[in-house]
Every structure is written in C-alpha cells, then in structure tokens.
Amino acid sequence: VDADVVQAALDAGITDVGENRVQEARSKFPQLQLNPGVRRHMIGHLQTNKVRHALQLFDMFHSLDRPSLAAELSRRAVAQNLVVPALVQVHVAAGPTKHGVAPDELLDFVRETAELPGLRIEGLMTMAPYAEDPETVRPVFRRLRELSEQVADAGFEGVRMQCLSMGMSNDFEVAVEEGSTLVRIGTALFGVRN
C-alpha cells in the first residue's frame, strides 16, 4: 500500500510493518515517520544482490531460504557491525513455486547458518497455500510448529526458536491456534493490493 496508508496505520498504533520487495521499501520507508519501537520486516523473497539495501531498511528478515543468502547477509552484517535477526523460511506445503528450505534439510541448514557471524536465527516462517477453508491448511502450520520444536530441541548455539511467522489474512486465526507469533494481515487491514 502507499506510504500515506502505512503512515495512517503507524499513527493508529501498528508497531510492525512488512514489505515484500526491497525496491518498494526503498521508495516508501523514507517517507514514513517511524516511532521508536516500530519494526520493519522483509517478508518477501530476498535476492542476494539486494542485501546491501535491505540491511539499511529492515529490522528482521523472514525469508532466509538458502546458503548463498545466509552467507551474503552474514558478510554484509559483519561489515556493518550488525547482528541480523532472521527467520528460516521452510517449504512445508507442496507446490512448485514456494521458496524455502525442505523440512528434511532444516536441521542441517540451521546448524550451518547458526555458525555464521552477524546472523541470529530467531524462528521459522512458512507460506501456506491459499485455501477458501483455512482448516485445510492447518496441517501446514502444525508441521512448522513441530519443526520449530525439533530445532529448539537440537540446542544449536545462538538459535532461539521464539518466532513462528505463519498465517495471512485468510487463515491467520488457524495459524495462531497452531502457535503463530507473527501474522501477515495486510489484505484484512488495507484491502486487496492493486
């Protein structure tokens, strides 16, 4: 949505805003008057060539989904003396177009990523397929919660499984019932995107 709509949401007390694209955030965020405590979330697929700009714009990254992105985030964060909070995107649901780490590769990915300086793994994220009946995607959310528990049980140093980013406007109630701590509800607040 446009910057003036985001500003109205911030003025109404919203404390977390998300953006799917770095280029949109680059044009929109400088126009906003951000109160202390407002967190800016990168919730879309992040290309490695956009990391430099993304680190200047976002407070948390929800889409850590491959070793090359983890390495680039780490390299640039260290150069800027930052520690970047990130969520590992897991491809729980079947479908050819979703990004994310496969569930059977998650523990190895988290173990390797946790060793990189400048990154702090704080949880997991997934995108459920759109469904008219949110109950049909409950197993996707349940599976991510179970995977989060497996990662927590593994006890990797520096990894905190405190966030589960799952659920959108059409299914967030079910996601919350399954343990979501961060939901993406733009359409419910702002209407359908142009």
Side-chain angles (χ1 to χ4, degrees), residues 15-30 32 34 36-93 96-128 143-167 179-184:
T15 59
D16 291 81
V17 294
E19 188 61 68
N20 285 321
R21 296 179 182 92
V22 172
Q23 51 272 40
E24 286 191 31
R26 286 183 75 188
S27 66
K28 191 181 304 178
F29 286 176
L32 301 175
L34 298 173
V38 169
R39 295 185 305 173
R40 300 159 300 165
H41 299 260
M42 175 64 190
I43 58 176
H45 180 72
L46 180 59
Q47 299 171 333
T48 54
N49 65 344
K50 303 257 173 55
V51 167
R52 178 172 59 94
H53 298 296
L55 282 175
Q56 298 167 4
L57 296 165
F58 297 102
D59 302 306
M60 178 179 268
F61 295 85
H62 290 231
S63 52
L64 185 59
D65 64 349
R66 60 199 184 282
S68 60
L69 177 59
E72 184 66 6
L73 276 168
S74 170
R75 184 178 75 79
R76 293 207 177 258
V78 167
Q80 295 180 38
N81 201 30
L82 298 173
V83 176
V84 178
L87 306 179
V88 175
Q89 183 173 355
V90 185
H91 185 148
V92 176
T97 60
K98 299 292 183 201
H99 298 281
V101 176
D104 62 344
E105 298 173 359
L106 179 61
L107 287 176
D108 288 338
F109 181 80
V110 172
R111 179 185 303 110
E112 293 165 10
T113 303
E115 294 174 357
L116 295 172
L119 286 180
R120 185 176 64 237
I121 305 300
E122 294 199 346
L124 305 179
M125 183 275 262
T126 199
M127 299 283 292
R143 180 69 176 129
L144 190 72
R145 178 178 39 82
E146 292 167 352
L147 289 167
S148 176
E149 291 166 359
Q150 289 177 14
V151 173
D153 289 346
F156 299 127
E157 187 174 336
V159 173
R160 304 183 317 182
M161 285 290 111
Q162 64 184 19
C163 297
L164 278 179
S165 176
M166 57 186 190
S180 181
T181 62
L182 295 167
V183 294
R184 300 175 298 274

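All figures in this text were calculated on a predicted structure; none of them were measured in a lab. Hydrogens, waters and symmetry mates are skipped; everything else that's a heavy atom, side chains included, is used.
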Distance (rounded to the nearest 0.5 Å) between T113 OG1 and D108 CG:
10.0 Å
What one should report as the nearest heavy-atom pair of Q56 and R40 is O-NH1, 4.0 Å
Residue N49 excluded, over 12 heavy atoms near CG under 6.0 Å:
yes
Would you mind checking if E149 and R145 are paired as a salt bridge, meaning a charged N to carboxylate O distance below 4.0 Å?
yes
Distance-minimising heavy-atom pair for V110 and F156
CG1-CD1, 3.6 Å
Test L182 against M60 for side-chain contact (heavy atoms from CB on, under 4.5 Å), laying out the working first.
CA-CA 12 Å; L182 295 167; M60 178 179 268; 4.3 Å; yes
Greater than 12 external heavy atoms within 6.0 Å of E157's CD:
no
Nearest heavy atoms of V101 and D65, plus distance in Å
CG2-O, 3.6 Å
Using every non-hydrogen atom in the two residues, find where P117 and S74 come nearest and quote the distance to one decimal.
O-OG, 2.5 Å
Got a second to check how far E72's CD is from Q47's CD, nearest 0.5 Å?
12.5 Å
Students often mix this up, so state it plainly: with edges at 30° and 60°, are the rings of H62 and H41 parallel, tilted or perpendicular?
perpendicular
Does the H91 side chain pair with the main chain of A93, one donor and one acceptor, at a distance under 3.5 Å?
yes
Kindly say whether I43 contributes a backbone atom to a donor-acceptor pair with the side chain of S63 at under 3.5 angstrom?
no
Of V84, L87, V159, which meets side-chain contact (heavy atoms from CB on, under 4.5 Å) against E122?
L87
Which heavy-atom pair separates A86 from L64 by the least distance, and what is that distance?
CB-CD2, 4.0 Å
Judged by atom type as modelled, is there a donor-acceptor pair below 3.5 Å linking the side chain of T48 to the main-chain atoms of L69?
no
Would the distance check show the side chain of S180 and the main-chain N or O of M166 forming a donor-acceptor pair, the cut-off being under 3.5 Å?
yes
Backbone of H99 reached by a side-chain donor or acceptor of Q89 within 3.5 Å
yes
Which pair of heavy atoms, one from L147 and one from P103, lies closest together, and at what distance?
CD1-CB, 4.0 Å
Which value, rounded to the nearest 0.5 Å, describes the distance between L107 atom CG and E105 atom CD?
11.0 Å
Quick one, M125 with R184, criterion side-chain contact (heavy atoms from CB on, under 4.5 Å). Give me CA distance, side-chain angles, the key distance, then yes/no.
CA-CA 11 Å; M125 183 275 262; R184 300 175 298 274; 3.7 Å; yes
Nearest 0.5 Å, please: how far is CG in L73 from CG in L119?
5.5 Å
To the nearest 0.5 Å, how far apart are CZ in R21 and OG in S27?
11.5 Å
First locate atom CE of M42, then atom CG of L55, and finally report the distance between them rounded to the nearest 0.5 Å.
11.5 Å
Stepwise side-chain contact (heavy atoms from CB on, under 4.5 Å) check, V38 with L32
CA-CA 11 Å; V38 169; L32 301 175; over 6 Å; no
Counting only heavy atoms not in R120, do more than 12 sit closer than 6.0 Å to its CZ atom?
yes
